[in-house]
Amino acid sequence: MKVDSSLSGKSLLRALAGERLATPPIWFMRQAGRYLPEYRELRRQAPNFMDFCYAPALATEAVMQPLRRFPLDAAILFSDILVVPHALGRDVRFIEGEGPRLDPLIGQASWALGDPAKAVERLAPVYEAVERIKAGLPEGVALIGFAGSPWTVATYMLQGRGGDKDDCRAAAWAQPAQVDALLAVLVETTARHLQAQAKAGAEVLQIFESWAEGLAEPQFEQLVLRPTAALIVRLRALGVTQPVIGFPRGAGHHLARYAAETGVDALGVDTSVPVARVRPALPARMPLQGNLDPQLLVVGGDALRAGVASVLADFGDAPHIFNLGHGITPEASPEHVTAMIAAVRGAAT
Ligand code: CP3
């Protein structure tokens, strides 16, 4: 990691360099999205979600919408983790109210995929969006690029949809070598995808390991630890110096191993993590990001203010990036987001 905080006033970069700021930098997962009426309006311009992701002007506008409403410290690229399998030649569709659908690899004789270098060429519109966003960002706002982790993306490819991962775990127990080969292609493609985002202007990279939950330790090692470590080694070999935030949602008792063994620079923690109690097991001074329950942005009021206070107390004096413990939901209210940010800033120590 190379973050020289003296070169940048951006609070997210300072926190990632290990500074504990009086007010933590604030951004939140899915900050551009369906809880905003202006996003729902914009989204109508490209009814197919993948087309929306590949339209740099629309993606850029989606990123700017929450920044106009809220004083946030970071923006995240508008895209999706499933552009990677799409670029590798898999069919990816989004069904309204149900989520993503892919043709499942489980049950197919061959899991052959396209070439990682060619895949990244197909993602040129994503990098064009990064350039446009970077050019239009308000001062002090850092730009985060992202990708899904190899395992999380593989789960959608294997079973063709979200939901429980029973079939994916069974496939990994039954055909470990075949799953390893799939993960290796995803490691290479994801490293190149993140490198291209960094080149286009992303200052921080986040890896979404949304499906770290429910894994026995040997599978956590095979499916999460080893591919993530390989991804970060590859990124650094490609010359990428940006700090990497890993977000292993649901890692539970494996969280400390994830923090120590993958090479991530900062750790995103989900809502279920009792940060004060877990922190002694984590690398000293590792910047931590999280972890307000997104449901509090549906509820608002005193419960929201108490939730913010509890998160701030829980993170104590660690370098902290304020965030939710998972993405904001479509039912959340923008007014509650304003109240959340005011509560974080009002509580400055
Ligand atoms: O955070 C942001 O503001 C950046 C944009 C972003 C999206 N998806 C946009 C999106 C990011 C970072 C993602 C990551 C993503 N995508 C993850 C990891 C994070 C997580 O939530 O665990 C996952 C698992 C996906 C796959 C995916 N994409 C699913 C399961 C869905 C359906 C969700 C649903 O509730 O329908 C999507 C669609 C998606 N990605 C939407 C947005 C704004 C909604 C689609 C729409 O506008 O119609």
Side-chain angles (χ1 to χ4, degrees), residues 26-55 58-67 69-70 72 74-86 90 92-102 126 129-130 133 141 143-165 168 190 193-194 197 202 204-213 245-251 268-271 289-291 294 297 323-332 334 337:
I26 307 173
W27 73 278
F28 56 98
M29 292 183 277
R30 298 275 177 104
Q31 67 189 31
R34 286 169 297 181
Y35 74 105
L36 290 176
E38 59 270 34
Y39 171 80
R40 296 195 296 269
E41 178 68 32
L42 182 71
R43 184 69 174 69
R44 295 220 295 261
Q45 294 190 34
N48 177 324
F49 183 65
M50 295 306 277
D51 292 343
F52 189 96
C53 289
Y54 294 136
L58 296 179
T60 302
E61 173 58 17
V63 171
M64 297 305 164
Q65 287 178 340
L67 302 179
R69 277 185 185 253
F70 314 118
L72 294 160
I76 182 163
L77 164 68
F78 192 93
S79 182
D80 198 84
I81 65 168
L82 298 177
V83 299
V84 165
H86 191 238
R90 309 301 302 170
V92 179
R93 308 171 295 281
F94 280 84
I95 300 179
E96 191 64 43
E98 289 187 45
R101 290 288 180 279
L102 291 78
V126 175
V130 173
I133 295 160
V141 176
L143 179 56
I144 304 168
F146 74 91
S149 72
W151 167 243
T152 287
V153 172
T155 64
Y156 288 94
M157 298 173 77
L158 286 166
Q159 67 180 19
R161 54 189 296 154
D164 75 63
K165 301 299 167 194
C168 298
T190 306
H193 181 45
L194 289 171
Q197 292 177 47
V204 172
L205 301 168
Q206 175 153 322
I207 299 172
F208 285 89
E209 182 67 273
S210 301
W211 295 103
E213 68 193 26
I245 304 170
F247 174 56
R249 188 174 73 90
V269 294
D270 68 62
T271 299
Q289 172 174 285
N291 71 343
L297 294 176
N323 205 308
L324 304 177
H326 196 198
I328 190 169
T329 64
E331 298 75 28
V337 172

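Start at 1 and go down the list; that is how both ligands and their atoms are numbered.
- Counting heavy atoms closer than 4.0 Å to ligand 1, residue Thr152 contributes nothing at all.
- When only interatomic distances are considered, the shortest N/O to N/O separation between Arg30 and ligand 1 falls below 3.5 Å.
- The closest approach between any non-hydrogen atom of Phe28 and ligand 1 is not below 4.0 Å.
- Here the protein heavy atom with the shortest distance to atom 23 (C) of ligand 1 is Ile81 CD1, 3.4 Å.
- Ligand 1 has no atom lying under 4.0 Å from any heavy atom of Gly162.
- Residue Ala32 places a heavy atom less than 4.0 Å from ligand 1.
- Every heavy atom of Arg40 sits 4.0 Å or more from the atoms of ligand 1.
- For atom 21 (O) of ligand 1, the closest non-hydrogen atom of the protein is His326 NE2, 3.2 Å.
- Judged by the shortest distance from any of its heavy atoms, Phe247 lies outside the 4.0 Å radius around the atoms of ligand 1.
- Of all protein heavy atoms, the one closest to atom 31 (C) of ligand 1 is Phe94 CE2, 3.8 Å.
- The closest non-hydrogen atom to atom 18 (C) of ligand 1, taken over Ala59, Ser210, Ser79, comes from Ser210.
- At a 3.5 angstrom cut-off on N or O pairs, Arg34 counts as close to ligand 1.
- Inter-residue side-chain proximity for Phe70 and Ile26 is flagged as unmet; no heavy-atom pair is nearer than 4.5 Å.
- The shortest contact between atom 41 (C) of ligand 1 and any protein heavy atom is with Phe49 CZ, 3.6 Å.
- Of the candidates Thr155, Asn48, Asp80, Leu77, it is Leu77 that places a heavy atom closest to atom 4 (C) of ligand 1.
- Heavy atoms of Arg43 found under 4.0 angstrom from ligand 1 belong exclusively to the side chain.
- Among all protein heavy atoms, the one lying closest to atom 24 (C) of ligand 1 is Tyr156 OH, 3.3 Å.
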